Novice: 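Sharing a structure below in structure tokens format, with a few things to ask.
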Amino acid sequence: MERKKFIAQVAIAVVLYVLISLILEKEYSSGIIFREVRDGLVFGLVYALFLWIWHRVKSGKKSQDE
């Protein structure tokens, strides 16, 4: 997987997570924004790990099929 594509997917996922969380929270104090950004970064880390593992498994199956 291209590194730029991978980083873009994770960054977009984090931004969407934070935006949706703030919209659902309906409160915009600095503490809540900080908490949602922190949670978004944790989500991004987990999502990046998932994408990396998925890519490794997917590319492993391709090499086994050949």
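Nothing here was measured: the structure is a model prediction, and the numbers come from that model. Count residues from 1 along the sequence.
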Novice: Could you go through residues 20-33 and list every donor-acceptor pair under 3.5 Å that involves a side-chain atom there, pairing it with any protein atom two or more places apart or in another chain?
Specialist:
unit_1, atom_1, unit_2, atom_2, d
S21, OG, Y17, O, 2.8
S21, OG, E36, OE1, 3.3
E25, OE1, R35, NH2, 3.2

Novice: Tell me who clusters with W54, hydrophobic residues only, linked when side chains sit under 4.5 Å apart either directly or through other members.
Specialist: none
Novice: For V37 versus V18, what's the shortest heavy-atom pair and its separation?
Specialist: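 Answer, listing the atom of V37 first, then V18: CA-CG2, 4.0 Å.
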Novice: Hydrophobic clusters join Ile, Leu, Val, Met, Phe, Trp and Tyr when side-chain heavy atoms are under 4.5 Å apart, directly or via other members; which others share one with F34?
Specialist: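 Besides F34, the hydrophobic cluster comprises nothing; the residue is isolated.
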Novice: List the atom of A48, the atom of F6, and the distance in Å for their closest heavy-atom pair.
Specialist: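 In this case the closest contact between A48 and F6 is O-CZ, 3.4 Å.
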Novice: With side-chain contact (heavy atoms from CB on, under 4.5 Å) as the test, pick out the partner of V10 among L45, L51, V46, V15.
Specialist: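 Going through L45, L51, V46, V15 one by one, the side-chain contact (heavy atoms from CB on, under 4.5 Å) with V10 is satisfied by L51 alone.
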